[in-house]
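Notes for the one structure printed next.
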Amino acid sequence: MIVVQTKQELDERLAEWRQHDERIALVPTMGNLHAGHASLVELAREYAEKVVVSIFVNPTQFGEDEDFAEYPRTLEHDTRCLKKSAADLIFAPNIETMYPLGLEDATSILVPRITENFCGASRPGHFNGVTSVVARLFALVQPDMAIFGQKDYQQQLVIRHMSLDLNLPVKIITGETMREDDGLAMSSRNQYLDDDERANAPVLYQVLSGVAEELQRGRQNHEELESKSVKALSDAGFSVEYFSIRRAQNLQIPDRDCDELVVLAAANLGNARLIDNVVVTV
Ligand code: PAF
């Protein structure tokens with residue numbers, strides 16, 4: 001496992017691989033890796049001869065009152081974890097490599113509309129930061145494909161939008177959400193849960209799955225399903241940010257003919273902000 005931190009070291013490795021016509025897959029992460037990331041690395045390996053995992057806690061995607069300072073930075077653990085995986089290289093750049101002109105003068109990419117609701121509404125500027133850093137990673141690594149997790153459903157749609165709109169030569173692949181045995185979606189932020197909250201946290205996935213089943217059975221009153229779900233989660237101690245049934249393709253309100261839906265939610269439990277979703281074909 002090679003760990004590189006500078007653009008020059010990265011360029012040297014990439015040039016060597018490209019000389020051998022090897023395809024390169026990128027798995028962008030903010031580190032603090034878990035089995036969910038490992039599954040994205042395995043998926044990347046199915047598409048490419050070489051897999052690069054980037055580890056960078058990107059300041060521009062955190063709001064002022066968010067957890068940028070506390071976000072766990074665990075490069076040693078991450079390196080050990082990736083040694084056992086199919087990754088070939090860790091790219092762990094510093095802030096100067098990612099934002100060479102400084103944060104104040106950094107070019108920013110804004111995807112309109114699809115970024116305005118859901119996580120975009122509760123985290124203003126968040127997707128701006130995500131698309132800006134992902135575009136930078138694409139420019140640095142120039143991967144053939146990049147893998148993003150389905151747990152961040154809106155994020156992967158926003159990145160698909162950016163790539164399509166800017167004609168970026170990177171295939172976007174979405175890897176399925178990995179779950180703990182009790183159904184909780186794996187996330188670095190799960191470690192903010194105390195024991196009681198952790199025991200309660202799987203209720204989010206249970207409610208999402210329950211709604212998915214109702215939809216599959218032909219239930220069409222989405223508003224009723226949504227409000228019942230918000231109540232169920234609130235009763236279980238969650239503070240719900242959103243709970244919605246939308247078109248899987250673009251998060252628009254679905255009409256009756258839409259057969260690919262996504263049920264998506266964000267809810268806070270103690271200090272942890274949990275997001276999750278289930279895609280349903282009806
Ligand atoms: O999903 C994440 O971990 C981050 O948003 C990403 C895509 C690595 C960009 O910083």
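Both ligands and their constituent atoms are indexed starting at 1 by order of listing. Just so you know, residue 1 is the first one in the sequence shown, and it goes up from there.
- Note on Met186 and Tyr205: separate hydrophobic clusters, where clusters join Ile, Leu, Val, Met, Phe, Trp and Tyr whose side-chain heavy atoms are under 4.5 Å apart, directly or indirectly.
- In the vicinity of Pro28, heavy-atom distances shorter than 4.0 Å reach the ligand 1 atoms 8 (C).
- Every atom of ligand 1 is numbered from 1 in the order shown, and the set under 4.0 Å from a heavy atom of Val133 is 9 (C), 10 (O).
- If you check which protein heavy atom lies closest to atom 2 (C) of ligand 1, you get Gln155 NE2, 3.9 Å.
- Near Thr29, with a cut-off below 4.0 Å to any heavy atom, the atoms of ligand 1 are 8 (C).
- Here the protein heavy atom with the shortest distance to atom 3 (O) of ligand 1 is Met30 CG, 3.7 Å.
- No salt bridge links Asp67 with Arg273; every basic N to acidic carboxylate O contact stays at or beyond 4.0 Å.
- In this structure, Phe91 has its ring center at least 6.0 angstrom away from the ring center of Phe56.
- Closest to atom 10 (O) of ligand 1 among all protein heavy atoms lies Gln61 OE1, 2.6 Å.
- What you find for Ala106 and Arg136 is that their closest heavy atoms are CB-NH2, 3.6 Å.
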Please lay out, stage by stage, how Tyr153 and Phe118 fare under the test ring-ring contact (aromatic ring centres under 6.0 Å, His included).
CA-CA 10 Å; Tyr153 194 85; Phe118 308 113; 9.9 Å; no
